[in-house]
Each structure stands twice: as C-alpha cells, then as structure tokens.
Amino acid sequence: MKLLLTAISGLLMGLTTAPFSASYLAWIALIPLWLFTISHKTTSLTPGVKNKLKIRNIIVNEKTLIAFIWGFAYHGFSLFWITGIHPMTWMGVPWLFSLLIAIFCWLFITIWGAILVTLWSVIFRLFIGSKEIGNSPLPPLTKGGEEQGMGIKKKTWLNNNLFQSISRVVFGVAVWCLLELLWNQGDLWWTSLSYTQSPNNLTILQLTKLSGYSTVTAAIVAINGIFAESIFVLGVNKKQFSLLILTGTLGIILLHLGGFYLYKQPLINDLSKEINVGIIQGNIPNTIKLYASGWRKAIEGYTNGYEKLSNQKVDLIITPETALPFDVEYIIKNSSFYSAILKQKVPVILGAFGSEKRSYTNSLFMMTETGNILSRFDKVKLVPLGEYIPFEDILGKIINILSPLDSRLIAGTSDQIFETPFGQAITGICYESAFSEHFRRQANAGGQFIITASNNAHYSEIMPAQHHAQDVIRAIETDRWMARATNTGYSAIVNPKGDTLWISEMNTYQLHQGTIYPRNSQTLYVKWGDWLTIILTILSGILWIIDN
C-alpha cells in the first residue's frame, strides 16, 4: 500500500505539468513521500541487518525504494513524450531498434530524475530523519524542559514538536532546492517542481522574479512539508496540528497574494522602441526535413513567408531552429531565401547550421537588411541522446546518435552575446529553454528581449506545451518580452508577466505579426541569481547544528 500510494502521488504530480496543468495538485502531491520518509517504522532491504545509525542502513531500506518510485512516477509520466521519437524508420533505423532506442531514452532520463528524489530522501534521513531509527520521529513530550528517562536537559523549545517540524521543513526544502540547483548544472534537466505551475498559475510564477524557479520549488516543498508534519503531531498535540494546518493554508494564500501583487504592477513599455516582429512557423515534418523534399519545402515556405511579412512592414523576422537545415554559407551562395533578403531588406534571425572545426553548430544568425551576418549564437545546451551522447565511452556502444547529421554537433560557449539592430537579445535554442541561468546570464549582460527558436517536430502536443511552459517562466524570471518561433508549434508572443498574447496552432504553416518591447529592468533574480537556495542551505545548517 505504501508503494502504491507513493506511485499514485507521483503520478498526481505529473498531472500538474502542461498540457494537463492540474497545478493545484502540486501543493499536496508530495505529502505521502514526506510522511513515508520520516515515518517511524522502516524495513531494511538487507536481511539480518539491525536498524542502527549507519549510512548503509539509511540507503538500503524501503524508504529509499519509496522515494525512487515517487520520482520514477513523476518524471516518467511527465517525460513520457520522449517515446515520441519512435518510429525512426525515416532515418533508416529498423522499427524494433527504433522502439528500443525510444524506451532506452525515456528510461535513462526518467531514472536520472528519480535519482534526485532518492538522494533527497537519503540526505534527509541521514541528517534529520536519522532520529527515527530506534526512536519516535517526534521528540517525547517534555516536563520542565527535561527529556524523561535520558537525564539530559535541553531547552524546552528545542524539544518542542513544533520546532522539530519547522526544522525538518526548512531542511527538506533546502535539500530539494540544492539538488535541483546542482541538477540544473548538468545537461539532463527539465522537470523541476517549479514548472508544474506553468503556464496557468501565473500568480505564483511571479515569485520567480525574486530568486528564479527555486522560489516556486521551495514554496511547493514547504507547503507539502507543513501539511505532512501536521499529520505527525495530530495524535500528540491537537493545538500544534491546528497551528500547522493554519500555517500551511495561510502560506498558500500569502504566496499567491504576493504573486498577485507583483502581477498587478503596471507593465511600462517604451513605445518609441517597439519591435514589430514577424514569426514564420514553417511546419516541415522531421520525416522529410533533412532530405531533398524537405529542403525544397523549407526554402519555398520560408522564402514566401519572409516576403509576405516583409510586405507587411515588420521590423524583424524570426525563423525557428534549423529552419533551413544547411550550412549558412551554402544558404548565402545558393538559396532564394537569401536573395529575398537582399531584395526586401528586412533583418531576419535565421536558424541554420554553422561550421566549426570540421563539425556543425546548431545556430541562430542575425542577418541585417543588407544580408550581412551581424552576430551568431551557437546552441550551448545540446540535447542529450539526440545531439550528443552523454558518457559516450559507455553509452556510445549501446545507442547511436539520434541526429542524422554525418558530423556531430558541438556546443557553443556560454559567454556568447547576440546583437541585433534593435539591441541585445537573450537567445535560447530549443532545449535551452529549461535552463534559467542561461537566460539570466544574458539578461545580466544587457539582453533586452528574448528570442527562442525550436523545432519540436515529431512529438505529441505534450512536449511543445511543456516547452512553452518553460519559456513562460524564463520571461517572468528576467522580466522580458519574448518572441518564440518553432517549426511545428507552439510559436508564441509572451509578455514579461507570462501572459501568452498569441500562440500558434500545432502542425500548421503559420505567419504572425506581433509586437515586443526592449527592457532594461533587472529583477532580483537577474541581479543576484538563486540566493534563496543559499540562504535556505545556511539556515538549515544552523538549525541542524543547534539541534545536535
């Protein structure tokens, strides 16, 4: 029953993500995991081992399995769209092998996420929950500030159940945020708890202006922890139970009121600097994109779209990731698209391949009205298992790279700046939308508006919906207008509050004209980064030292 309830709660957390967007479930879906992590009874998975304070016993027991199952259920459900890469018969991959590749990719990335939850459980029990082994997780009620039967005097407030509950909540929140911060430094990153609130709960997402996505993650873990702790004290102290329930309820209300206050702040734009952008959604299926028929369709579709938008007097035209899947030099020398630039004289951000050391880069090129390349941005965060193989010495023997390019893609440097005729842009290509630090760095360096370009083909609407949800958070965190161009959807215009002013249909050829504005404001997050996680980590350390 524990395992079943844990799996169900993990699935409920998965339902909070786009496009299901049952964001309210996130505020209770962690409660079973918290309860089972701190609960008194535990079963060692290694026969004959007594429950002693040993790291081995903390790691190898049913609570570790429970945490893994919750993480597997949440991440596995949220990321099941990964299996949409199957079938890859259009790439020459046999059907059965294609299925195995899809399952492997899904399992690999799901397990990677489940490990984070497992580590949270182990660390929690190692430092805070270790008191559960051989004792009640809650300190015994005290008389006169002395623990009965131990002969050790401590201050009453240290022995107080409420203090212990608060300490556990702070520690649990700090560890989860710290693990997400470390996880975000790698390449396998997508399902932060924060994105369970996007794009529908814009009120709570305003808090990301303070300390980025971790602000929302901390709020979710804290509220779940408070409600779980109230269950612990229910049979011990009804007043503390009521106080914790009230604290959790007021916490949700106050967090949303704070977000609502930020959301209602006037959005002041410099109308003299408005940028009339045109977005081309080319709708070139992956099954033909890198073959002759796809090349012809891409050149025709993007050339016609460019000409139509140019005639509508737009200031800047934006194309998706690898809109024209050629080396940019080939495009300049041989394509009708480049000829249209020279004729229409409207700047364009072009998605194409760049050459670098006998390899390719997935890049965006800022072409001016004269056809010159003003700036170039090479994709920094390549897609694991798609554009490169992590741990290639090991996994390269199991799975071939999924990209059909003859040469492997190489990543750009993290210090790139993307200049446009309208000011410096913050740029994200496809998978980079999940990495808030990628956008924060560019905003801190002077980026005034966001341009994201993605492919998103070959998946169900779940993946593009989640991708759009990631972009909404990035716009709010940095307080920037965003124009999003994709190959098959969803393309969009998003304002600094996260409002989606326009969003395209899926799997359709579309042209859109919209307005964005440069901004020079700096949120606390842009200025100071993820300061909340640092403070929580220090505070939890202090509480742990005091309590020990």
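Side chains included, hydrogens not; waters and symmetry mates left out as well; all remaining heavy atoms used.
One N or O on the side chain of E321 and one on the backbone of N455 form a donor-acceptor pair closer than 3.5 Å. A donor-acceptor contact shorter than 3.5 Å is absent between the side chain of E477 and the backbone of Y525. In terms of modelled atom types and a separation under 3.5 Å, the side chain of R480 and the main chain of G447 share a donor-acceptor contact. Side-chain atoms of H458 come within 3.5 Å of backbone atoms of I85 as a donor-acceptor pair (strictly under, hydrogens ignored). Panel note: side chain N269, backbone L271; no donor-acceptor pair is recorded below 3.5 Å. A donor-acceptor contact shorter than 3.5 Å links the side chain of Q206 to the backbone of L202. Side-chain N or O atoms of E432 include one that pairs as donor or acceptor with a backbone N or O of K381 at under 3.5 Å. Between the K345 side chain and the L342 main chain, a donor and an acceptor come within less than 3.5 Å of each other. The backbone N or O of Y195 lies less than 3.5 Å from no partner atom in the side chain of S192, so there is not a single donor-acceptor pair. A distance-only check finds no donor-acceptor pair linking the side chain of S375 to the backbone of F418 [under 3.5 Å].
Counting only N and O atoms by type, the side chains of D315 and N276 include no donor and acceptor under 3.5 Å apart. Side-chain atoms of T486 and N456 form no donor-acceptor pair, as typed in the model, at a separation below 3.5 Å. Between the side chains of S504 and Q281, at least one donor N or O lies within less than 3.5 Å of an accepting N or O. Side chains of S214 and D530: a donor-acceptor N/O pair is present below 3.5 angstrom, by distance only. No side-chain donor from either of T488 and N283 sits under 3.5 Å from a side-chain acceptor of the other. Residues Y459 and N286 have side chains that never bring a donor and an acceptor to within less than 3.5 angstrom of each other. A side-chain N or O of Q522 and one of N444 form a donor-acceptor pair less than 3.5 Å apart. Y490 and T500 share no side-chain donor-acceptor pair at under 3.5 Å. Between the side chains of T452 and D471, at least one donor N or O lies within less than 3.5 Å of an accepting N or O.
Classified by interplanar angle (parallel below 30°, tilted 30° to 60°, perpendicular above 60°), the ring pair W106/F80 is perpendicular. The aromatic rings of Y431 and W190 lie parallel to each other, with less than 30° between the two planes, well short of the 60° mark.
Counting heavy-atom neighbours within 6.0 Å of K497 NZ, excluding the residue itself, gives a total above 12. The number of heavy-atom neighbours closer than 6.0 Å to CD of Q312, taken from other residues, nucleotides and ligands shown, is above 12. Around CH2 of W528, the count of heavy atoms belonging to other residues, nucleotides or ligands within 6.0 Å does not exceed 12.
In terms of heavy-atom proximity, P199 sits nearest to V472 at CB-CG2, 4.1 Å. Nearest heavy-atom pair, S336 versus T303, reported as atom, atom and distance to 0.1 Å: OG-OG1, 3.3 Å. Of all heavy-atom pairs spanning I288 and I284, the tightest one is CG1-CG2, 4.2 Å. Smallest separation of non-hydrogen atoms from Y213 and R474: CB-NH2, 4.1 Å. Here the shortest heavy-atom pairing between F449 and F422 reads CE2-O, 3.9 Å. What you find for I280 and P320 is that their closest heavy atoms are O-CD, 3.3 Å.
M13 has its side chain within reach of L30: a pair of non-hydrogen atoms, C-beta onward, lies under 4.5 Å apart. In this structure the side chain of I451 reaches within 4.5 angstrom of the side chain of I318, judged on heavy atoms. Contact check for L193 versus Y74: side-chain heavy atoms found under the 4.5 Å cut-off. No side-chain heavy atom of Q416 sits less than 4.5 Å from a side-chain heavy atom of T427. Between T191 and W183, the closest side-chain pair of non-hydrogen atoms falls below 4.5 Å. The closest side-chain heavy-atom distance from V348 to Y306 is below 4.5 Å. Looking only at side-chain heavy atoms (C-beta outward), L324 and I299 come within less than 4.5 Å of each other. Side-chain atoms of T533 and E180, non-hydrogen and from C-beta on, never get closer than 4.5 Å to each other.
Y302 and F337 have their aromatic ring centers separated by at least 6.0 angstrom. Here the two rings, on W81 and H467, have centers that are 6.0 Å apart or farther.
The side-chain contact (heavy atoms from CB on, under 4.5 Å) test with N362 singles out one residue from T322, D378, I410, and that residue is T322. None of R441, Q442, R440 except one satisfies the side chain to side chain donor-acceptor pair (under 3.5 Å) rule with H438; the exception is Q442. Checked options W295, Y360, F353; the residue passing with F326 is W295 (criterion: ring-ring contact (aromatic ring centres under 6.0 Å, His included)).
From R519, atom CZ reaches atom CD of Q448 across 11.0 Å, with rounding to the nearest 0.5 Å. A distance of 7.5 Å separates CZ of R484 from NE2 of H468, quoted to the nearest 0.5 Å. Rounding to the nearest 0.5 angstrom, the gap separating the CZ atom in F77 from the CZ atom in F72 is 13.5 Å. Rounding to the nearest 0.5 Å places CD1 of I103 at 11.5 Å from OG1 of T110. Between the OG1 atom of T217 and the CD atom of Q197 there is a distance of 9.5 Å, given to the nearest 0.5 Å. W502 CH2 to S491 OG: the interatomic distance, rounded to the nearest 0.5 Å, is 5.0 Å.
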(request) Report the C-alpha separation of L316 and M366 in whole Å, then their side-chain angles, then the decisive distance to 0.1 Å, and conclude whether the side chain to side chain contact (heavy atoms under 4.5 Å, CB included) test is met. (result) CA-CA 10 Å; L316 174 67; M366 181 65 249; 3.8 Å; yes

(request) Starting from the C-alpha separation in whole Å, work towards a yes-or-no answer on side chain to side chain contact (heavy atoms under 4.5 Å, CB included) for V526 and D479. (result) CA-CA 9 Å; V526 170; D479 193 39; over 6 Å; no

(request) Please assess N507 against E461 for the test side-chain hydrogen bond (donor to acceptor under 3.5 Å, both in side chains), listing each intermediate value before the final yes or no. (result) CA-CA 9 Å; N507 301 315; E461 66 175 11; over 6 Å; no

(request) Go through the steps for E274 and Y517 under the test side chain to side chain contact (heavy atoms under 4.5 Å, CB included), then give the verdict. (result) CA-CA 5 Å; E274 72 173 24; Y517 299 88; 3.2 Å; yes

(request) Just do the side chain to side chain contact (heavy atoms under 4.5 Å, CB included) check on W70 and W120 with the steps written out, would you? (result) CA-CA 12 Å; W70 191 96; W120 175 82; over 6 Å; no

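In summary, K297 and E300 do not engage in a salt bridge, as defined by a charged side-chain N under 4.0 Å from a carboxylate O.
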